Amino acid sequence: MTENKVRVRFAPSPTGFLHVGGARTALFNWLFARNQGGVFILRIEDTDADRSRPELVEAVLNGLRWLGLDWDEGPYFQSQRLESYHALAERLRAAGHAYPCFCTPEELKQRREQAQKAGRPPKYDGRCRRLATEEVAARLERGERHALRFVVPEEGRTAFDDLVAGRVEVAHEEIEDFVLLRSDGQPTYHLGVVADDLDMRITHVIRGADHLSNTPKQILIYQALDRPAPTFAHVPLILGADRTRLSKRHGATSVTAYAEEGFLPEAFRNFLALLGWSPGDDSQLLRTEELTRRFSLQQVSRSNAVFDRQKLEWFNAEYLRSEPLEKILPDIEKELRRAGLWRDGFAAEEREWFVAAVELLRPRVRLLRDFSTWARAFFADEFDYDPAAVKKFLKDDRLAGFLSEELQALEKVSDWSHDEIEKAVRGVAEKNGVKAGLLINATRVALTGQAVAPPLFNTMELLGRGRVLPRLARLIERFADLTAASR
RNA sequence: GGCGCCAUAGUGCAACGGUUAGCACGGCAGUCUUUCAAGCUGCAGAUCCGGGUUCGAUUCCCGGUGGCGCUACCA
């Protein structure tokens with residue numbers, strides 16, 4: 001039964017990063033393989049030698065690793081499989097399905113432009129296909145530089161049933177005699193994919209819709225070889241907000257950038273899976289287990305999808321506040337380390353405190369990075385006062401005096417608990433005939449530097465008297481300067 | 001230009017001949033409240049256009065329009 005085991009592949013070119021479009025394609029392949037109990041293969045399409053370096057490959061692999069898309073075979077490198085391509089090319093040539101072409105790229109370009117101008121289709125005219133056998137032999141003998149072209153049948157059409165797009169048909173007259181082997185001996189994409197997919201016994205080719213129009217060319221090669229073509233599934237493209245193909249103009253396009261910004265892989269995966277695929281009902285939050293269980297190519301949409309950053313952030317926030325703590329703790333640790341805010345005690349004697357802090361913060365955080373920026377004051381004593389917060393909550397000049405009173409009141413609190421702290425702070429407000437909110441908001445700025453933070457009394461209890469009192473004192477001391485600067 | 005694919009609210013998806021066209025993100029308003037987030041309640045918002053087929057079309061067919069893709073000795 002292993003003969004019909006599903007085998008799929010993700011075949012990126014080593015561009016130096018994993019593009020979100022590629023990531024989604026990889027994800028669909030991976031989900032399909034896992035769903036079918038199949039094999040997920042990784043292959044690097046690096047036949048364009050000058051664009052391929054080891055570190056570029058590594059970046060792509062890291063993107064996949066971050067996303068948790070583990071591969072069962074590979075990575076294979078096209079650059080190391082040249083013999084296979086040449087063998088296949090030779091077979092095609094020997095069988096009369098391919099012929100040497102002596103036209104230079106410059107000539108071709110020129111002819112193409114001319115044809116365009118004259119309003120004719122810019123298709124290769126097939127002149128080298130009609131060369132006399134003796135002439136070809138002679139020029140080959142002379143060692144003339146040449147490419148190898150595929151013989152596309154003049155008549156008829158090629159059709160295939162795409163699992164996503166449905167039946168697709170293209171007339172042969174629309175397809176030119178495309179190049180299989182470049183004059184430097186490198187295979188082109190068409191020869192490369194077919195050879196690889198054949199050798200690797202790929203059963204399903206799941207790739208971007210940008211390959212749809214070229215698929216008939218590859219099918220023609222399979223037919224020439226008398227080998228069955230794999231099943232194709234072309235998934236729609238991911239577009240930017242302006243509905244053009246996603247590119248740097250649209251902001252981050254590499255998954256690494258999202259990793260660095262503080263997205264959780266699980267959230268990113270969930271979001272990506274729903275771009276062009278639906279479980280068939282209204283479910284949104286789908287963990288990996290559920291994703292693999294429910295994934296099906298039949299449910300892949302045929303229209304392009306716009307990458308919606310806001311929704312991605314919502315997914316992230318959702319995971320941040322609802323995942324089991326143990327699952328996200330390592331990610332938070334990583335972020336704090338990155339920002340130089342991590343203390344080993346957080347995992348040891350301070351662990352209980354650390355967990356309490358995270359629980360207080362995570363319902364209101366969107367990105368992991370928020371832990372080290374917005375929530376900095378929870379993990380470090382040095383932090384800046386957000387000017388907007390100063391402006392908003394330290395407006396009232398009496399606050400300097402009120403906060404001093406509060407400080408004294410807090411010094412007297414014997415049981416440093418939420419309720420006792422609250423009593424003390426409210427007491428000061430009451431005594432002065434002002435709303436408690438005035439003091440509460442100002443205290444929040446004193447303790448966190450922010451206008452927005454978790455509920456104050458919880459925060460105070462958590463920070464502890466040892467940190468609260470000095471921070472209050474520090475703000476009182478700097479009150480005049482700070483408020484002056486914000487006017 | 002030619003060829004191919006696509007077309008449901010701003011965005012992502014449901015509805016695969018019969019629903020007041022559903023859900024989520026986002027927006028707006030209210031509620032809670034010590035700021036915020038979350039939660040809860042409510043509001044606005046879509047079947048690209050035109051023809052068919054049918055008792056009945058978001059759904060099937062044709063045409064148009066629009067978007068995207070391909071049209072390389074890139075992948």
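Just so it is clear: chains get the letters A, B, ... in the order the sequence lines come, proteins before strands, and each one is counted from 1. Everything numeric in this text was worked out from a predicted model, so none of it was measured.
- A:Leu272 places its CG atom 12 Å from the P atom of B:C13, with the value rounded to the nearest Å.
- Taking the six-membered ring where tryptophan is involved, the planes of A:Phe232 and A:His234 are essentially parallel, since the angle between them stays under 30° and well short of 60°.
- Taking the six-membered ring for Trp and thresholds of 30 and 60 degrees, A:Phe307 and A:Phe268 have ring planes inclined between 30 and 60 degrees apart.
- Straight-line distance between the C1' atoms of B:C32 and B:A21: roughly 33 Å, to the nearest whole Å.
- Rounded to an integer number of Å, the gap from A:Gln298 CD to B:A14 C1' is 17 Å.
- For the pair A:Arg157 CZ and B:G4 C1', the computed distance is 11 Å after rounding to whole Å.
- Salt bridge A:Glu169/A:Arg157: present, at least one basic N to carboxylate O contact under 4.0 Å.
- With sequence neighbours excluded, no residue satisfies salt bridge (charged side-chain N to carboxylate O under 4.0 Å, His left out) with A:Arg207.
- Comparing the P positions of B:A9 and B:A15 gives an interatomic distance of 15 Å, to the nearest angstrom.
- Note on A:Cys101: nothing from the nucleic acid sits closer than 4.0 angstrom, heavy atoms only.
- Pair assignment for B:C68 gives B:G4, based on Watson-Crick or G-U wobble hydrogen-bonding distances that are each under 3.5 Å.
- Side-chain atoms of A:Thr292 do not come within 3.5 Å of backbone N or O of A:Asn35 as any donor-acceptor pair.
- Counting non-hydrogen atoms of other residues, nucleotides and ligands closer than 6.0 Å to CD of A:Glu155 gives a total of 12 or fewer.
- Using a 4.0 Å heavy-atom cutoff across all strands shown, A:Pro121 reaches no nucleic acid atom at all.
- Regarding A:Phe315, its CZ atom lies at a distance of 17 Å from the P atom of B:C23, rounded to whole Å.
- A donor atom on one side chain and an acceptor atom on the other are found under 3.5 Å apart for A:Ser283 and A:Arg294.
- When heavy atoms are screened at a 4.0 angstrom cut-off, A:Arg309 is found touching no nucleic acid atom at all.
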Per-nucleotide protein contact string for nucleotides 60-72 of chain B (B base, S sugar-phosphate only, - none; heavy atom under 4.0 Å): --------SBSSS
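- Between A:Lys109 and A:Thr104 the shortest side-chain heavy-atom distance does not fall below 4.5 Å.
- Between B:G67 and B:C55, the two C1' atoms lie 36 Å apart (nearest whole Å).
- Comparing the C1' positions of B:A46 and B:G51 gives a spacing of 22 Å, expressed to the nearest Å.
- Heavy-atom distances to RNA chain B give each of A:Tyr189 and A:Ala171 a nearest nucleotide, and the one nearer the 5′ end belongs to A:Ala171.
- Judged by distance alone, with hydrogens and angles left aside, A:Ser183 brings a side-chain donor or acceptor within reach of the base of B:C73, the pair sitting under 3.5 Å.
- With both ends at atom P, the span from B:C49 to B:U65 equals 16 Å, rounded to whole Å.
- A:Ser278 has a side-chain polar atom (N or O) that falls below the 4.0 Å cut-off from OP1 or OP2 of B:A14.
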How would you summarise protein contacts on nucleotides 24-46 of chain B per nucleotide, using B for base, S for sugar-phosphate only and - for none, with heavy-atom distances below 4.0 Å? BSS-------BBBBS--------
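- Within the shown strands, B:C40 is the pairing partner of B:G30 under the Watson-Crick or G-U definition, both distances less than 3.5 Å.
- One finds a salt bridge joining A:Lys431 and A:Glu405 here, because a Lys/Arg side-chain nitrogen approaches an Asp/Glu carboxylate oxygen to under 4.0 Å.
- Between A:Pro454 and A:Trp374 the shortest heavy-atom distance is CD-CH2, 4.1 Å.
- Taking 4.5 Å as the limit, some side-chain heavy atom of A:Tyr258 sits within range of a side-chain heavy atom of A:Leu312.
- The partner of B:A57, taking Watson-Crick or G-U wobble pairs whose two distances both stay under 3.5 Å, does not exist in any strand shown.
- Within 4.0 Å of A:Leu108, counting heavy atoms only, lies at least one base atom of the nucleic acid.
- Nucleotides B:U58 and B:C6 place their C1' atoms 15 Å apart, quoted to the nearest Å.
- Using a 4.0 Å heavy-atom criterion, one finds that A:Gly166 contacts no nucleic acid atom at all.
- Nucleotide B:C25 forms a pair with B:G10, judged by Watson-Crick or G-U wobble geometry with both contacts under 3.5 Å.
- Comparing the P positions of B:C68 and B:A29 gives an interatomic distance of 34 Å, to the nearest angstrom.
- Not one N or O on the side chain of A:Arg269 forms a donor-acceptor pair closer than 3.5 Å with the backbone of A:Arg24.
- The residue A:Glu107 sits apart from the nucleic acid: no heavy atom pair falls under 4.0 Å.
- Closest contact between the side chain of A:Ala305 and the listed nucleotides B:C73, B:G4, B:G12 involves B:G12.
- Counting to the nearest Å, the P atom of B:C13 and the CZ atom of A:Arg294 are 16 Å from each other.
- Using a 4.0 Å heavy-atom cutoff across all strands shown, A:Gly119 reaches no nucleic acid atom at all.
- Across all strands shown, B:C62 is found opposite B:G50 as a Watson-Crick or G-U wobble partner, with both distances under 3.5 Å.
- Between A:Gln116 atom CD and B:G1 atom P the separation is 11 Å, expressed in whole Å.
- Across all strands shown, A:Glu169 has heavy atoms under 4.0 Å from sugar-phosphate atoms exclusively, and none from any base.
- When the P atom is compared between B:C16 and B:U35, the two are found 46 Å apart, to the nearest whole Å.
- With rounding to whole Å, A:Asn316 atom CG is found 20 Å from B:G12 atom P.
- Atom-to-atom, CG of A:Asp281 to P of B:U19 comes out at 21 Å; the value is rounded to the nearest Å.
- Base-pair partner of B:U20: not found among the strands shown (Watson-Crick or G-U wobble, both distances under 3.5 Å).
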